[in-house]
There are 2 protein chains.
Amino acid sequence: MKSEQEEQYVPKATAKRLPVYYRCLKKLADTGVKRIKSQEISELTQIPSATIRRDFSHFGELGRSGYGYEVDYVVEVFHEILNVNKIINIALVGVGNIGKALIANNFRRDDNMKITCAFEKNEEESGKILSGVPIYSVAQMKSVLSRENIHVAISTVPSEHSQESINMLVDSGITSILNFAPGRVVVPSTVDIRYIDLTGEILTLVYYDGKLLPPIIKNK
Amino acid sequence: MKSEQEEQYVPKATAKRLPVYYRCLKKLADTGVKRIKSQEISELTQIPSATIRRDFSHFGELGRSGYGYEVDYVVEVFHEILNVNKIINIALVGVGNIGKALIANNFRRDDNMKITCAFEKNEEESGKILSGVPIYSVAQMKSVLSRENIHVAISTVPSEHSQESINMLVDSGITSILNFAPGRVVVPSTVDIRYIDLTGEILTLVYYDGKLLPPIIKNK
DNA sequence: ATCTTTTTGTGATAAAAATCACATTAAAAT
DNA sequence: ATTTTAATGTGATTTTTATCACAAAAAGAT
């Protein structure tokens with residue numbers, strides 16, 4: 001039974017894993033699996049079962065001792081938590097290679113999020129419609145975003161103009177940003193920004209790989 | 001002074017930040033900045049100065065009291081640490097929208113990494129050459145990768161076939177993988193895999209936005 | 001019913017990461 | 001040369017995250 005003073009504090013580390021859980025359980029539910037235990041979720045997600053149980057515990061007592069979790073029920077709970085019922089309209093800034101690929105893809109298998117408009121500096125692109133997504137000029141950003149009440153954006157604008165582009169987004173009422181330019185930009189504390197840093201990921205991957213290959217000095 | 005032996009373990013959290021530092025300092029060096037203090041790096045990277053100093057300290061005493069850091073020198077050190085001198089050849093699996101965008105982009109501003117070959121199931125694509133990158137059939141994977149001695153790969157193969165594709169990569173000698181399919185796959189402990197999960201990022205962003213959780217960054 | 005088995009949820013503990021705060025060192029000023 | 005100022009590097013501490021390990025609860029077996 002859920003306690004009355006639930007909804008306390010959810011650790012950031014737990015929040016990061018929520019989409020992983022949701023996807024995993026959704027897939028199970030769709031396959032017709034009715035019942036699952038933390039140990040099995042662990043095998044599917046590569047997250048230790050103790051961590052899974054601890055994470056789940058932040059949202060109430062979702063399972064039953066000696067039984068496990070009712071898949072449908074837990075999916076329902078996570079569905080609620082992540083607001084998957086509400087449609088998220090996303091604005092895209094920067095219609096280059098990556099931007100175009102994102103539009104073409106447009107979260108096809110995620111029915112609750114969609115890029116609904118895009119902005120591009122290059123005048124040759126603006127005015128066009130790609131895969132049903134209208135490309136506007138950056139000058140139109142503020143009016144379009146406020147009119148359509150969008151507050152989530154993805155920026156694929158190159159580093160040199162990243163800060164500039166993010167400033168405009170913030171000024172247009174955007175509060176959540178995913179930035180493909182890895183250079184850190186300054187935003188007000190009311191705005192949340194995350195970075196997708198491909199080069200950085202590769203560098204750290206290789207950094208660890210280099211550390212693992214030779215006679216390891218991994219003591220403690 | 002720190003002994004060579006002590007320069008052993010670098011925390012994962014620090015390793016993740018290394019590319020951010022490197023990029024920031026490189027940019028400063030290129031702009032002609034000769035000297036910088038942790039406080040200023042903090043403003044540029046949004047990472048607290050104490051964290052920066054602690055991170056740097058894992059690689060020796062890079063700075064001087066009452067002065068700060070010699071930009072050129074620190075860049076040199078990070079350059080060495082991250083092996084930026086060594087060229088990283090990357091294999092790409094899955095030449096769809098995202099795959100094509102990655103090839104077209106091909107880490108243009110990062111002169112030490114490059115997609116040098118790609119693999120695609122669809123027979124219509126294989127045999128072609130895109131932006132100088134040859135597209136092979138997946139059947140050729142093992143021979144091409146061992147011949148070219150590549151051990152880093154990016155997979156943009158959709159979730160349904162993700163595990164299958166990663167199995168082939170591992171079998172072909174790949175040890176570092178960046179996977180654009182967010183569903184967790186199983187790999188041997190000798191292989192390092194990271195995930196780029198756009199949908200997940202958006203979901204957590206919006207989750208926090210709903211919670212109006214304060215993303216406090218203290219610069220000091 | 002009763003017993004055995006299973007698996008949760010969570011106190012307790014450990015490990016990792018972030019942060020504080022300042023002695024120490026070096027630079028800059030006088 | 002001496003004093004003042006500045007900023008590092010790091011012990012100490014706090015906070016966050018992960019893990020252990022098991023009593024309690026529920027399921028399933030007999």
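Basis for what follows: all heavy atoms, side chains included, without hydrogens, waters or symmetry-related copies. Proteins come first, then strands; the chains are lettered A, B, ... in the order of their sequence lines, and each starts at number 1.
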Checking contacts here: which listed nucleotide (C:dT24, D:dA25, C:dG9) is nearest the side-chain heavy atoms of B:S65? C:dT24

Smallest heavy-atom separation, A:V191 atom then A:V187 atom, equals O-CG2, 3.8 Å

Just to be sure I understand the geometry, which residues of residues 13-36 of chain A put a non-hydrogen atom under 4.0 Å away from DNA chain D? A:A13, A:R17, A:R35

Compare side-chain N and O positions of B:Y67 against OP1 and OP2 of D:dG9 and report whether any pair is under 4.0 Å apart. no

In whole angstrom, what separates A:I47's CD1 from D:dA18's C1'? 12 Å

Is a donor from one side chain sitting under 3.5 angstrom from an acceptor on the other, for B:R184 and A:T45? no

Assign each of B:D55 and A:G68 the nucleotide of DNA chain C bearing its closest heavy atom; nearer the 5' end lies the nucleotide of A:G68

Length of the line joining B:R53:CZ and D:dA7:C1', which is rounded to integer Å: 7 Å

Distance (rounded to the nearest 0.5 Å) between A:I52 CD1 and A:Y21 OH: 5.0 Å

Looking at B:R64, does any N or O in its side chain come under 4.0 Å of the phosphate oxygens OP1/OP2 on D:dA7? no

d(NZ, A:K12; C1', D:dT15) in whole Å: 12 Å

A:I41 CD1 to C:dG9 P: how many Å, rounded? 10 Å

Once you round to the nearest 0.5 Å, how far does CG of B:L178 lie from CD1 of B:I196? 4.5 Å

I want to confirm an ordering. Mapping A:P11 and A:A50 to their closest nucleotides on DNA chain D, which one lands closer to the 5' end? A:P11

Under 4.0 Å between any heavy atoms, over every strand shown, what does B:F56 touch: base, sugar-phosphate, or nothing? Just pick one. nothing

Within a reach of under 6.0 Å around CD of B:E80, are more than 12 heavy atoms found that belong to other residues, nucleotides or ligands? no

Over how many whole Å does the gap from A:H58 atom NE2 to C:dT8 atom P extend? 17 Å

Among A:R35, A:R64, A:K34, find the residue that satisfies the side-chain hydrogen bond (donor to acceptor under 3.5 Å, both in side chains) test when tested with A:E70. A:R64

Can you measure from CG (A:L82) to CG (A:L18) and round to the nearest 0.5 angstrom? 5.5 Å

May I have the distance from A:K37 (atom NZ) to D:dG28 (atom P), rounded to whole angstrom? 12 Å

Enumerate all atom pairs, one protein N or O and one N or O from nucleotides 12-14 of chain C, separated by less than 3.5 Å.
residue	atom	partner	partner atom	Å
C:dA12	N6	A:R54	NH2	2.9

Quick one: which of B:Y22, B:Y69, B:Y73 gives a ring-ring contact (aromatic ring centres under 6.0 Å, His included) with B:F56? B:Y69

Do A:D192 and A:R194 sit within salt-bridge range, that is, some charged N less than 4.0 Å from a carboxylate O? yes

Derivation of the side-chain hydrogen bond (donor to acceptor under 3.5 Å, both in side chains) call for A:Y207 and B:N83: CA-CA 7 Å; A:Y207 172 77; B:N83 263 287; over 6 Å; no

Assess whether a salt bridge exists between A:E160 and B:R109, defined as any Lys/Arg side-chain N lying under 4.0 Å from an Asp/Glu carboxylate O. yes

Can you tell me how far C1' of C:dT6 sits from OH of A:Y69, to the nearest Å? 13 Å

Whole Å only: how far is the CD atom of B:E61 from the P atom of C:dT25? 10 Å

Ignoring backbone atoms, test whether B:S38 places a side-chain nitrogen or oxygen under 4.0 Å from the OP1 or OP2 oxygen of D:dT8. yes

Terminal axes of the helix from C:dA1-D:dT30 to C:dT30-D:dA1 (5 end pairs apiece), angle rounded to 10 degrees, sit apart by 10°

Student check: side-chain heavy atoms of B:V93 and B:L169 closer than 4.5 Å: yes

Hey, is the side chain of B:T51 poking within less than 4.0 Å of OP1 or OP2 on C:dT19, counting only N and O atoms? yes

